[in-house]
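Sequence lines set the chain letters: A, B, ... in the order given, protein chains first and strands last, and positions in each chain run from 1. Hydrogens, waters and symmetry mates are skipped; everything else that's a heavy atom, side chains included, is used. Remember, it's a predicted structure, so these values are computed and weren't measured experimentally.
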Number of protein chains: 2
Amino acid sequence: MNNKDVITEKQRKMARYAKAMGHPIRMYVLELLSKQSCCYSGDLTEELPIVKSTLSQHLKELKDAGLIQGEIEAPKIKYCIDKENWKEAQELFKEFFDI
Amino acid sequence: MNNKDVITEKQRKMARYAKAMGHPIRMYVLELLSKQSCCYSGDLTEELPIVKSTLSQHLKELKDAGLIQGEIEAPKIKYCIDKENWKEAQELFKEFFDI
DNA sequence: TTCGTAGTTCGTAAAACAACGAACATGCTT
DNA sequence: AAGCATGTTCGTTGTTTTACGAACTACGAA
């Protein structure tokens, strides 16, 4: 109906991923996970200059964006990259930056 | 230098670029400019479902993030990719996604 | 000089984000 | 059952983002 809707689905998806990556703390977490397969929230709270509730919110955002996933490993939660979406993001950025 | 600051300069820079890319309108503009070298604000207002003042704000954000630059060509303003920073972003994302 | 075009800036309002501490939920271990 | 460890959720606060229309600025043309 709206012929002014020129924004593509790819652009929306990339914006969604990019937005999730738009905070230093979240970039830190993503880079860590992309390199070491998994980690626990507690590991991060020790290293990072934020309290656990704030970290929890950042992790939730990354999860909502689909970039990471959490697996219960009581009483902890193991976080890893969501490989499927990670790959999609990878492809999108690759195509976007023409690399 | 704060030695408790585990967040790297690269992570901060990427977060800054990612944040600027974190909106569909801005992704649209960036993709357009990455493909056609330049455009005018008026061209965009016609295509996009937002008013010119809103577009102006988005362009300002892209400019502040360093991803685009504007050149006065009275009475218009010609927008292009900021090639130097674009290249930096390219490298950062490339390294980050390991591509 | 006055008018029109092209954009930016200002003022405003609603929504989203970011951070914290307190309270809560969960599931081991005594 | 009671306590502990690990996180999440809630409530609050202040900031930032997104969007709009109105007002403004800059410049070229009539």
Next on the checklist: Output the rounded distance in Å from CG (A/Asp64) to C1' (D/dT9).
Outcome noted: 14 Å
Next on the checklist: Looking at A/Lys52 and A/Asp43, is there a salt bridge between them, counting it only when a charged N and a carboxylate O are closer than 4.0 Å?
Outcome noted: no
Checklist entry - So, is A/Thr54 close to the C/dA19 phosphate, meaning a side-chain N or O under 4.0 Å from OP1 or OP2? => result no
Checklist outcome for this item: Out of C/dG21, D/dG7, D/dC20, minimum distance to the side chain of B/Val51 belongs to D/dC20
Checklist entry - Given atom CD of A/Glu71 and atom C1' of D/dG7, what is their separation to the nearest angstrom? => result 16 Å
Next on the checklist: I need the CD-P distance between B/Glu73 and C/dT8, as an integer number of Å.
Outcome noted: 14 Å
Item to check | C/dC17 phosphate, OP1 or OP2, under 4.0 Å from A/His58 side-chain N/O | outcome: no
Next on the checklist: In whole Å, I'd like the distance from the CZ atom of A/Arg16 to the C1' atom of C/dC17.
Outcome noted: 13 Å
Item to check | Within-4.5 Å side-chain heavy-atom neighbours: A/Ile77 and A/Glu71 | outcome: no
Next on the checklist: Measuring to OP1 and OP2 of D/dT8, would you say a side-chain N or O of A/Tyr79 lies under 4.0 angstrom away?
Outcome noted: yes
Checklist outcome for this item: note: B/Lys78, atom NZ; C/dT5, atom C1'; distance rounded to Å ~ 19 Å
Checklist outcome for this item: Of the listed C/dG7, D/dT18, C/dA18, the closest approach to the A/Glu61 side chain comes from C/dA18
Checklist entry - Does A/Lys19 put a side-chain nitrogen or oxygen below 4.0 Å from OP1 or OP2 of C/dC17? => result yes
Checklist entry - Which whole-number value in Å describes the distance from A/Ile77 CD1 to C/dC28 P? => result 13 Å
Checklist entry - Between the side chain of B/Glu95 and the main-chain N/O of B/Leu92, is any donor-acceptor distance below 3.5 Å? => result no
Item to check | Side-chain donor/acceptor contact of A/Ser53 with base of C/dG21 under 3.5 Å | outcome: yes
Checklist entry - Salt bridge check: are B/Lys19 and B/Glu61 linked by an N-O gap of less than 4.0 Å? => result no
Checklist entry - In whole angstroms, how far is the P atom of D/dA23 from the NZ atom of B/Lys52? => result 13 Å
Checklist entry - Would you call the rings of A/His58 and A/His23 parallel, tilted or perpendicular, where under 30° means parallel and over 60° means perpendicular? => result tilted
Checklist entry - Base, sugar-phosphate, or nothing: which does B/Ser41 touch, judged by heavy atoms less than 4.0 Å apart? => result sugar-phosphate
Next on the checklist: I need the CD1-P distance between B/Ile72 and C/dG7, as an integer number of Å.
Outcome noted: 11 Å
Next on the checklist: By the 4.0 Å heavy-atom rule, please label A/Ile50 as base, sugar-phosphate, or nothing.
Outcome noted: sugar-phosphate
Checklist entry - Side-chain N or O of A/His23 less than 4.0 angstrom from OP1 or OP2 on D/dT17? => result no
Checklist outcome for this item: Winner on side-chain proximity to B/Gln57, out of C/dG7, C/dC20, D/dC20, is D/dC20
